Amino acid sequence: MVEKDALDKLQAEAQRAKVSEIQVKTFMNRNLIKIREGTKIYSAVQTLATHKISGAPVVNANDQLIGIISEYDLLLQTALKDVLQPIEYTKNPVTVTPETAIKDVIIIFYKTKVRWLPVVGATHQVEGIVTRLDILNKLLSKGK
């Protein structure tokens, strides 16, 4: 009977350790840079360059996600507009929640070809971001 209990416990632990069910909140990047709505083009470019990132969530005064801005967006805006104008950003971006399973994030990355996704909580505030590299690192660490 003791052997069966040990086996049941081991199987339960194995089920919990499935990589496919790992939630984003366990490995998302919480140290993120956000761009405020109304930020000027030149300021957004400087922010991305300073932090060596390819994009950032755009938030309103309540720190709620309203869009995303990428270096591609800024490249076009810098070439075509006065850099003192406010940024234009992608509205209604694809997002995930802290509870989203890693398998679902992989599918989103595959389908959308984006490099990163905002992680948004119940109040629509950005709690973090998850990148393709975050996923790869998590998958590699599970193999060790």
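None of these values were measured; they are calculated from a predicted model. Along the sequence shown, residues carry numbers from 1.
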Engineer: Check whether more than 12 heavy atoms from other residues, nucleotides or ligands sit under 6.0 Å from atom CZ of Phe109, and answer yes or no.
Structural biologist: yes
Engineer: Find the distance between CG (Leu80) and CG (Leu75) and round it off to the nearest 0.5 Å.
Structural biologist: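 Going from CG on Leu80 over to CG on Leu75, the span is 9.0 Å.
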Engineer: Donor-acceptor check, side chain of Glu37 to backbone of Gly67, threshold 3.5 angstrom: yes or no?
Structural biologist: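 No: the side chain of Glu37 does not pair with the backbone of Gly67.
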Engineer: To the nearest 0.5 Å, how far apart are NZ in Lys138 and CD1 in Ile106?
Structural biologist: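 Between Lys138 NZ and Ile106 CD1, I get 12.5 Å after rounding to 0.5 Å.
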Engineer: Using modelled atom types and a 3.5 Å cut-off, is there a donor and acceptor pairing between side-chain atoms of Gln85 and backbone atoms of Ile41?
Structural biologist: no
Engineer: The test is side chain to side chain donor-acceptor pair (under 3.5 Å); show your working for Thr47 and Thr50 and say whether it passes.
Structural biologist: CA-CA 5 Å; Thr47 299; Thr50 299; over 6 Å; no
Engineer: Could you see if Ile35 belongs to whatever hydrophobic cluster contains Leu84? Use Ile, Leu, Val, Met, Phe, Trp, Tyr and a side-chain cutoff under 4.5 Å.
Structural biologist: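 Linked, Ile35 and Leu84 end up in one cluster.
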Engineer: State plainly whether one hydrophobic cluster holds both Val105 and Ile129, where clusters connect Ile, Leu, Val, Met, Phe, Trp and Tyr through side-chain heavy atoms under 4.5 angstrom apart.
Structural biologist: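 No.
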Engineer: With side chain to side chain contact (heavy atoms under 4.5 Å, CB included) as the criterion, how do Lys25 and Val119 come out once you've worked through the C-alpha distance, each side chain's angles and the decisive distance to 0.1 Å?
Structural biologist: CA-CA 8 Å; Lys25 66 183 170 188; Val119 181; over 6 Å; no
Engineer: Same hydrophobic cluster for Leu32 and Val24, using side-chain heavy-atom links shorter than 4.5 Å among ILVMFWY?
Structural biologist: no
Engineer: Of all the heavy-atom pairs spanning Met28 and Gly128, show the shortest one and how long it is.
Structural biologist: SD-CA, 4.3 Å
Engineer: If you take all heavy atoms of Val120 and Pro98, which pair is closest and at what distance?
Structural biologist: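 Smallest heavy-atom distance, with atoms named: O-CD, 3.5 Å.
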Engineer: Would Leu133 and Trp116 count as a side chain to side chain contact (heavy atoms under 4.5 Å, CB included) here? Give the steps.
Structural biologist: CA-CA 9 Å; Leu133 191 56; Trp116 58 274; over 6 Å; no
Engineer: Between OG1 of Thr26 and CD of Glu99, what distance do you get to the nearest 0.5 Å?
Structural biologist: 11.0 Å
Engineer: Under a single-linkage definition using a 4.5 Å side-chain heavy-atom cutoff for Ile, Leu, Val, Met, Phe, Trp and Tyr, are Val114 and Ile69 assigned to the same hydrophobic cluster?
Structural biologist: no
Engineer: Is Glu127 salt-bridged to Arg30, cutoff N-O under 4.0 Å?
Structural biologist: no
Engineer: Minimum heavy-atom separation for Thr39 and Ala44, please, with both atom names.
Structural biologist: CG2-N, 3.8 Å
Engineer: What is the minimum heavy-atom distance between Ile102 and Glu21, and which atoms define it?
Structural biologist: CG2-N, 4.4 Å
Engineer: Counting N and O atoms only, with roles assigned by atom type, does the side chain of Glu88 sit under 3.5 Å from a partner on the main chain of Gln77, one being a donor and the other an acceptor?
Structural biologist: no
Engineer: Please evaluate residues Val45 and Val83 with respect to the criterion side chain to side chain contact (heavy atoms under 4.5 Å, CB included), reporting the C-alpha separation (whole Å), side-chain torsions for both, the decisive distance (0.1 Å), and the verdict.
Structural biologist: CA-CA 9 Å; Val45 170; Val83 296; over 6 Å; no
Engineer: Do Ile87 and Asp73 make a side-chain contact, defined as non-hydrogen atoms from C-beta onward lying under 4.5 Å apart?
Structural biologist: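 No, their side chains stay 4.5 Å or more apart.
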Engineer: What are the two closest non-hydrogen atoms of Ile68 and Tyr89, and how far apart are they?
Structural biologist: O-CB, 3.2 Å
Engineer: Should Ile53 and Leu65 be counted in the same cluster of Ile, Leu, Val, Met, Phe, Trp and Tyr side chains packed under 4.5 Å apart?
Structural biologist: no
Engineer: Would you say Arg36's side chain and Asn60's backbone share a donor-acceptor pair under 3.5 angstrom?
Structural biologist: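 It does hold such a pair.
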Engineer: Could you measure the distance from the CD1 atom of Ile107 to the OG1 atom of Thr100? Nearest 0.5 Å is fine.
Structural biologist: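 These two atoms lie 11.5 Å from each other.
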Engineer: With a sphere of 6.0 Å drawn around CG of Asn62, does it hold more than 12 non-hydrogen atoms of other residues, nucleotides or ligands?
Structural biologist: yes
Engineer: Is there side-chain contact between Val130 and Val96, with heavy atoms separated by less than 4.5 Å?
Structural biologist: yes
Engineer: Report yes or no: does Asn137 contribute a side-chain atom to a donor-acceptor pair with the main-chain N or O of Asp134 at less than 3.5 Å?
Structural biologist: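 No: the side chain of Asn137 does not pair with the backbone of Asp134.
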Engineer: Can you confirm whether more than 12 heavy atoms, excluding those of Lys111, are under 6.0 Å from its NZ atom?
Structural biologist: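 Atom NZ in Lys111 is not crowded, with 12 or fewer foreign heavy atoms closer than 6.0 Å.
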Engineer: Calculate, to the nearest 0.5 Å, the distance between atoms NZ and NZ belonging to Lys81 and Lys40 respectively.
Structural biologist: 12.0 Å
Engineer: Going through the distances and angles, do Thr131 and Asn29 end up as a side chain to side chain contact (heavy atoms under 4.5 Å, CB included)?
Structural biologist: CA-CA 8 Å; Thr131 68; Asn29 183 348; over 6 Å; no
